[in-house]
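Reminder, nothing fancy here: chain letters follow the sequence lines and each chain counts from 1.
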2 protein chains.
Amino acid sequence: MAISNAVSFSFRQNLAANGLRLTNSRKAIFKVLVESRPLTFSELLAKTERMTDRVSVYRNIALFEQLGIVNRIKVGWKYKLELSDSYGVHHHHLICIKCGRIFDIAEDQHINDFIKAISQDHAFVPRYHSFEIEGYCRSCAEPVQRTSDIN
Amino acid sequence: MAISNAVSFSFRQNLAANGLRLTNSRKAIFKVLVESRPLTFSELLAKTERMTDRVSVYRNIALFEQLGIVNRIKVGWKYKLELSDSYGVHHHHLICIKCGRIFDIAEDQHINDFIKAISQDHAFVPRYHSFEIEGYCRSCAEPVQRTSDIN
DNA sequence: CTGCTTGCAAATCTTTTGCATTGAA
DNA sequence: TTCAATGCAAAAGATTTGCAAGCAG
């Protein structure tokens with residue numbers, strides 16, 4: 001998959017605007033992110049290990065997060081990485097508890113209104129938000145029911 | 001702080017219903033959770049180290065999560081633990097990026113409606129959801145602005 | 001009693017740090 | 001040329017596993 005000019009440009013811009021350099025390591029990591037569904041850190045390490053050192057992946061992912069290039073998606077007790085909304089439409093996720101697949105859902109105006117109202121009530125200045133729904137996807141039958149007093 | 005009878009009862013019930021034992025280790029961990037604001041795993045380890053072994057904390061927190069007793073709250077790149085909604089009113093969080101404090105916000109009907117609608121569209125069976133807003137709280141002035149092309 | 005749980009030791013895996021070298025601007 | 005960025009080595013931290021002993025039911 002080729003990286004679109006717009007996305008690639010935005011990436012270079014973001015680095016340049018912060019006085020940071022466009023290195024092979026950063027290009028390689030960014031490329032993997034563009035070409036992947038959300039992935040775990042170790043999946044990312046595996047996919048980049050021939051191109052760059054493990055340590056550079058840590059350092060650059062931390063950097064990318066600060067620059068708003070990547071997001072972490074909470075998945076149960078773990079998390080996955082994906083390119084941030086700056087590189088696409090803002091969206092949330094449906095996460096299947098059984099097969100682990102992640103489905104995108106579009107941003108909704110109700111959520112934005114809610115964030116605005118809540119923030120005003122608390123004199124809070126919102127910067128980011130995350131909204132994830134976990135459950136069972138179409139192809140995964142629901143597994144053994146948990147005890148009824150849990151919910 | 002004393003643990004309310006209702007909460008304590010629910011905890012015992014939950015364990016008993018799953019054929020699990022009410023041990024000192026589990027009681028100690030639960031008590032710390034009841035008496036704490038959301039805390040990190042290492043904070044929890046510190047607060048329990050005189051009462052139980054580190055390994056038991058890992059094992060029991062994993063267990064508590066399966067039983068729906070604790071939740072993880074995403075906080076930037078990390079997470080914190082808190083008693084789950086089964087032991088209180090369901091709520092979401094405002095998380096201050098600067099001071100790290102976490103403020104509870106009440107569940108909102110708009111969000112529940114949204115979850116229902118989205119789930120139907122995707123033939124998805126929702127089980128849990130998380131909604132977190134990160135930003136700056138009342139007492140934390142906004143720090144150095146990030147470059148404008150990020151948002 | 002029984003076998004679920006714990007605690008200890010030690011293995012593993014993950015993430016961070018220091019420093020000399022490299023290479024993007 | 002210059003200094004940000006990398007790669008390597010090694011430390012530090014976090015999490016998991018095996019197993020004998022302990023204790024809740």
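For A:Phe114 and B:Phe131, the ring centers sit closer than 6.0 Å to each other. Remark: aromatic rings of B:Tyr58 and B:Phe41 are close, center separation under 6.0 Å.
Residue A:Glu43 contributes atom CD, which lies 11 Å from atom P of C:dT14 at whole-angstrom precision. Rounded to a whole Å, the CG atom of B:Leu81 is 13 Å from the P atom of D:dA14. Between the CZ atom of B:Arg26 and the P atom of D:dC23 there is a distance of 15 Å, given to the nearest Å. The separation between B:Asn18 atom CG and D:dG25 atom C1' is 16 Å, rounded to whole Å. The nearest whole Å value for the distance from the OH atom in B:Tyr79 to the C1' atom in D:dA14 is 9 Å. One interatomic measurement links the two molecules: CG of A:Asn24 to C1' of C:dA25, which rounds to 14 Å at whole-angstrom precision. Atom CG in B:Leu22 sits roughly 14 Å away from atom C1' in C:dT6 (whole-Å rounding). Here the P atom of nucleotide C:dT5 and the CZ atom of B:Phe64 are 11 Å apart, to the nearest Å.
In this structure, of D:dA5, C:dT6, C:dT15, it is C:dT15 that holds the atom nearest to the side chain of A:Arg54. Here the side chain of B:Arg59 is nearest to one of C:dT5, D:dG18, D:dA14, namely D:dG18. When distances are taken from the side chain of B:Asp53 to each of C:dC8, C:dA25, D:dG25, the shortest belongs to C:dC8. Of the candidate nucleotides D:dT6, D:dC23, D:dC8, D:dC23 has the atom nearest to the side chain of B:Arg21.
Between the side chain of B:Gln13 and the backbone N or O of B:Ser10, no donor-acceptor pair lies under 3.5 Å. A:Arg26 contributes a side-chain N or O that, together with a main-chain N or O of A:Arg21, makes up a donor-acceptor pair within less than 3.5 Å.
Phosphate contact (OP1/OP2 of D:dT16, side-chain N/O of B:Tyr58, threshold under 4.0 Å): absent. Between B:Asn60 and C:dT6, a side-chain N or O to OP1/OP2 separation shorter than 4.0 Å is present. OP1 or OP2 of C:dG7 lies within a sub-4.0 Å distance of a side-chain N or O belonging to B:Thr52. Contact between the side-chain N/O atoms of A:Thr23 and the OP1/OP2 oxygens of C:dA24 is not found at any separation under 4.0 Å.
Taking for each of B:Val55 and B:Gly19 the nucleotide of DNA chain C with the nearest heavy atom, the 5'-most of the two is the partner of B:Gly19. Take the nearest nucleotide of DNA chain D for B:Phe41 and for A:Ser56: the residue whose nucleotide is more 5' is A:Ser56.
Among the protein residues, B:Leu20 comes within range of the sugar-phosphate backbone only, with heavy atoms under 4.0 Å from sugar or phosphate atoms but none that close to a base. B:Leu45 comes within 4.0 angstrom of no nucleic acid atom, judged by non-hydrogen atoms across all strands.
The aromatic rings of A:Phe11 and A:Phe64 lie perpendicular to each other, with more than 60° between the two planes, well past the 30° mark.
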